[in-house]
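First up is the structure itself, then whatever we jot down about it.
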Amino acid sequence: MITVTDLKKTYEGKVPTPALKGISFEIKDGEFVAVMGRSGSGKSTLLHQLGLLDRPTSGKIILNNSDVLALSDQKRTIFRLKELGYVFQEYALISEFDAWENVYLPSLALKGTPDKKRAQELLELVGLADRLDHYPNELSGGEQQRVAIARALINSPKVLFADEPTANLDSASSQTVLKLFLKLNQEFKQTIVMVTHEPEDKKYVHRVLWLSDGLLEKEEKTGKKY
Ligand SMILES: Nc1ncnc2c1ncn2[C@@H]1O[C@H](COP(=O)(O)OP(=O)(O)OP(=O)(O)O)[C@@H](O)[C@H]1O
Ligand SMILES: [Mg+2]
């Protein structure tokens, strides 16, 4: 599903910062993979490159058989909308829109018509059937993150990326979100790549990619089957 070859990212600036120094790995269809490592090791940078939110300095990314960095900007944007879902640590919902609107917006952007029914079904799936007309400031952090997950799923992405999705949540809400990811992976075979700081999250995933100072230090199989 994902093949990354010698991926490098240097942030240009007064002093260039090499954040990824040549990373290669593969992720299979249906895998649930965690990305771990110290603060500053390059986890978010890696996810940004994979999620097509940024462009690497060099290297190759094959997503679902597409050489995504070779696509034109417009084609890459469409690819991102259609094939990738992204969940941010800080939810990133649009405050002027209610939960339902936030979820169906990416389907409107992709197809020109909003998929309101699927948005409703997804909000039911994440346990928020009774919160459709709530605005983000009328939802708890855990509820906002579940809206953000429903939004990430609206266009049936091949891969779901999540960057520390539970970092702002209390332990009960974190469990709810992680169990939701587990369900998406086990029941719907959703491929998921999740950055996390929490060692105990290892119990949910098939494999851990450990980053250290911009390099892939090791790949750890957890023994879970998929
Ligand atoms: N926009 C940027 N411009 C310049 N340097 C950056 C930028 N974003 C990140 N960096 C640097 O790149 C390195 C990797 O950052 P990154 O955000 O990927 O780390 P991380 O592993 O996600 O850390 P954390 O666990 O704290 O979220 C860090 O040294 C950081 O200072
Ligand atoms: Mg980060």
Side-chain angles (χ1 to χ4, degrees), residues 2-27 31-63 68-69 73 76-77 80 84-93 141-142 144-149 151-152 157 159-171 173-175 177-178 180-181 184-185 191-222:
I2 306 176
T3 306
V4 172
T5 312
D6 202 20
L7 192 69
K8 294 182 184 170
K9 173 69 183 182
T10 296
Y11 291 107
E12 299 304 336
K14 255 193 214 152
V15 184
T17 309
L20 299 176
K21 299 175 179 170
I23 288 189
S24 304
F25 60 86
E26 273 185 42
I27 290 176
E31 254 193 303
F32 187 0
V33 172
V35 179
M36 300 181 82
R38 299 169 79 109
S39 180
S41 58
K43 304 181 296 295
S44 295
T45 302
L46 175 63
L47 222 64
H48 287 156
Q49 316 309 310
L50 298 179
L52 307 183
L53 302 174
D54 195 7
R55 265 192 91 88
T57 308
S58 65
K60 198 165 180 147
I61 302 174
I62 307 290
L63 285 169
V68 286
L69 299 172
D73 286 353
R76 202 166 51 249
T77 301
R80 179 164 53 76
L84 309 178
Y86 211 98
V87 175
F88 300 88
Q89 179 177 332
E90 61 287 353
Y91 331 131
L93 298 175
Q144 289 185 63
Q145 194 59 300
R146 283 185 278 149
V147 172
I149 292 165
R151 176 181 61 182
V159 187
L160 180 64
F161 295 105
D163 192 351
E164 302 201 41
T166 63
N168 291 348
L169 304 179
D170 62 32
S171 62
S173 301
S174 295
Q175 287 297 310
V177 164
L178 285 164
L180 182 58
F181 280 149
L184 292 169
N185 177 252
T191 306
I192 303 175
V193 184
M194 176 180 76
V195 173
T196 178
H197 264 120
E198 296 299 329
E200 62 257 40
D201 291 355
K202 268 207 280 188
K203 67 174 180 275
Y204 295 101
V205 303
H206 302 116
R207 199 149 55 100
V208 182
L209 302 179
W210 286 96
L211 295 195
S212 173
D213 197 19
L215 290 168
L216 182 61
E217 190 183 25
K218 64 174 176 188
E219 298 188 40
E220 180 186 357
K221 287 208 171 90
T222 62

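Read the numbers this way: they start at 1 and go in the same order the structure lists the ligands and their atoms. Side-chain atoms are counted along with the backbone in the values below, which use heavy atoms only and exclude waters and symmetry mates. Since the model is a prediction, treat every value here as computed from it, not as a measurement.
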Name the one of Asp163, Ile192, Ile149, Val177 that satisfies side-chain contact (heavy atoms from CB on, under 4.5 Å) with Val87?
-> Ile149
Nearest 0.5 angstrom please: [X] [atom1] to [Y] [atom2], how far?
| X | Y | atom1 | atom2 | value |
| --- | --- | --- | --- | --- |
| Thr196 | Gln89 | OG1 | CD | 10.0 Å |
| Ile23 | Leu215 | CD1 | CG | 6.5 Å |
| Lys218 | Met36 | NZ | CE | 10.0 Å |
| Glu26 | Glu219 | CD | CD | 9.0 Å |
| Thr77 | Leu52 | OG1 | CG | 8.5 Å |

Can you confirm whether something in the protein, heavy atoms only, sits under 4.0 Å from atom 30 (C) of ligand 1?
->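 It does not: no protein heavy atom is found less than 4.0 Å away from atom 30 (C) of ligand 1.
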Considering all protein heavy atoms, does one lie under 4.0 Å from atom 1 (N) of ligand 1?
-> yes
Lys43 side chain vs Arg38 backbone, donor-acceptor pair below 3.5 Å = yes
Using atom types as modelled and distance alone, determine if a side-chain donor or acceptor of Thr5 lies under 3.5 Å from a backbone N or O of Ser24.
->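 No: the side chain of Thr5 does not pair with the backbone of Ser24.
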Nearest to [atom], what protein heavy atom do you find, and at what distance?
| atom | value |
| --- | --- |
| atom 26 (O) of ligand 1 | Ser39 OG, 2.6 Å |
| atom 28 (C) of ligand 1 | Gly40 O, 3.8 Å |
| atom 9 (C) of ligand 1 | Tyr11 CE1, 3.4 Å |
| atom 25 (O) of ligand 1 | Lys43 NZ, 2.7 Å |
| atom 17 (O) of ligand 1 | Ser44 CB, 3.7 Å |
| atom 27 (O) of ligand 1 | Glu164 OE2, 3.6 Å |

Would you mind listing which atoms of ligand 1 come within a distance below 4.0 Å of any non-hydrogen atom of Arg38?
->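 With Arg38 as reference, the close atoms of ligand 1 come out as 21 (O).
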Check ligand 1 against His197 and write out every atom of the ligand that is under 4.0 Å from a heavy-atom position of the residue.
-> 25 (O)
Report yes or no: does [X] have a heavy atom closer than 4.0 Å to ligand 1?
| X | result |
| --- | --- |
| Gly42 | yes |
| His48 | no |
| Ser41 | yes |

When you measure from atom 15 (O) of ligand 1 to each heavy atom in Thr45, Val35, Thr10, which option holds the nearest one?
->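 The nearest heavy atom belongs to Thr45.
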Ala19 N/O to ligand 1 N/O under 3.5 Å =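 No - when backbone and side-chain N and O of Ala19 are compared with those of ligand 1, no distance drops under 3.5 Å.
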For Lys203, does the NZ atom have more than 12 heavy-atom neighbours from other residues, nucleotides or ligands under 6.0 Å away?
-> yes
What orientation do Phe32 and His206 show, parallel under 30°, tilted 30 to 60°, or perpendicular over 60°?
->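 Plane angle over 60°, so perpendicular.
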Could you confirm whether Gln89 has any N/O/S atom lying under 2.8 Å from the Mg ion (ligand 2)?
->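 No - counting backbone and side chain alike, Gln89 has no N, O or S atom under 2.8 Å.
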